[in-house]
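Below is one structure; the comments refer to it alone.
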Amino acid sequence: NAGVTQTPKFQVLKTGQSMTLQCAQDMNHEYMSWYRQDPGMGLRLIHYSVGAGITDQGEVPNGYNVSRSTTEDFPLRLLSAAPSQTSVYFCASRSSGTGNTEAFFGQGTRLTVV
Amino acid sequence: AQTVTQSQPEMSVQEAETVTLSCTYDTSESDYYLFWYKQPPSRQMILVIRQEAYKQQNATENRFSVNFQKAAKSFSLKISDSQLGDAAMYFCAQGQFQGAQKLVFGQGTRLTINP
């Protein structure tokens, strides 16, 4: 069982570069989310999606774009990387079924912007 | 706005002893979920235990149990018989009862187990 797969695991970018963090899940989950983890601040929600074609902003959306063309994939795009976006990024998915409360997380992407 | 606060950045405990990690939260919702996640050095987020706010009974999972005080908006995690493998960052989180369940996390508590 693959679960939630994030690629790459590590990435170094130069300021101003763009890139896409990939997230794929094979559990047919409707809900998917992106979080960033910074020291002393826990995880904060960037964007989320409740199904293909539907996305919305979380707590810290500035500088990031998302789209959801399929149920399986939920890529996160950095349009012009800034040092403030240095962080660990987590993708998560969850079923919409009643009683299904557990969010499954990917292994994270450590991004450094220099 | 929902907030989750973990006031203990670091905790340590002797192996086989019991330790309690604190968490307080604030929400205007009447129905919600509370979670404790463990993050070992591998970075993987592992669900330890969950609590439905409408249930008065405290959740337990083997050596892990919670003390849920809804009126006080407190949700502490007790780890009994601590083991070396329990060493990790622990995050308290709150999520919506319905919908996308956008999770709000606390700052985390780093737990060290002393042999």
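First the proteins, then the strands, lettered A, B, ... as listed; each starts at 1.
Counting heavy atoms of neighbouring residues, nucleotides and ligands inside a 6.0 Å radius, atom CZ of B:Arg63 exceeds 12 of them. Within a 6.0 Å radius of NZ in B:Lys70, more than 12 heavy atoms belonging to other residues, nucleotides or ligands are found.
Note on B:Leu34 and B:Phe64: same hydrophobic cluster, where clusters join Ile, Leu, Val, Met, Phe, Trp and Tyr whose side-chain heavy atoms are under 4.5 Å apart, directly or indirectly. Hydrophobic cluster membership is shared by B:Val4 and B:Tyr32, with clusters built from Ile, Leu, Val, Met, Phe, Trp and Tyr side chains linked at under 4.5 angstrom. Hydrophobic clustering (ILVMFWY, side-chain heavy atoms < 4.5 Å, transitive): A:Leu43 and A:Tyr64 are in distinct clusters. Residues B:Leu111 and B:Leu84 share a single hydrophobic cluster, defined by chaining ILVMFWY side chains whose heavy atoms lie under 4.5 Å apart. Under a hydrophobic-cluster definition in which Ile, Leu, Val, Met, Phe, Trp and Tyr are linked whenever side-chain heavy atoms come within less than 4.5 Å, directly or via other members, B:Met11 and B:Trp36 are assigned to the same cluster.
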Residue pair B:Leu47, A:Phe104: steps toward the side chain to side chain contact (heavy atoms under 4.5 Å, CB included) verdict: CA-CA 8 Å; B:Leu47 179 64; A:Phe104 293 84; over 6 Å; no

For side chain to side chain contact (heavy atoms under 4.5 Å, CB included), just list the numbers for B:Gln107 and A:Met41, CA-CA rounded to whole Å, side-chain angles, deciding distance to a tenth of an Å, and then say yes or no. CA-CA 5 Å; B:Gln107 302 90 331; A:Met41 302 186 73; 5.8 Å; no

Please walk me through it: do A:Phe90 and B:Gln39 pass side chain to side chain contact (heavy atoms under 4.5 Å, CB included)? CA-CA 12 Å; A:Phe90 286 95; B:Gln39 186 181 47; 3.3 Å; yes

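Neither the backbone nor the side chain of B:Gln6 comes within less than 4.5 Å of any heavy atom of chain A. Only the side chain of A:Gln37 comes within contact range of chain B, with heavy atoms under 4.5 Å apart. Using a 4.5 Å cut-off between heavy atoms, A:Arg44 does not touch chain B at all. The contact between A:Thr109 and chain B is made entirely by backbone atoms, counting heavy-atom distances below 4.5 Å.
Checking side-chain atoms of A:Tyr31 against main-chain N and O of B:Lys102 turns up no donor-acceptor pair under 3.5 Å.
Annotation for B:Arg43 and A:Gln107: closest pair NE-O, 3.2 Å, computed over non-hydrogen atoms.
Residue with the most contacts toward chain A among B:Gly106, B:Ser42, B:Pro9: B:Gly106 (heavy-atom pairs, distance under 4.5 Å).
Side-chain contact between A:Phe105 and B:Ile46: absent, with no pair of heavy atoms (C-beta onward) separated by less than 4.5 Å.
In this structure, A:Glu59 CD and B:Leu103 CG are separated by 12.0 Å, a value rounded to the nearest 0.5 Å.
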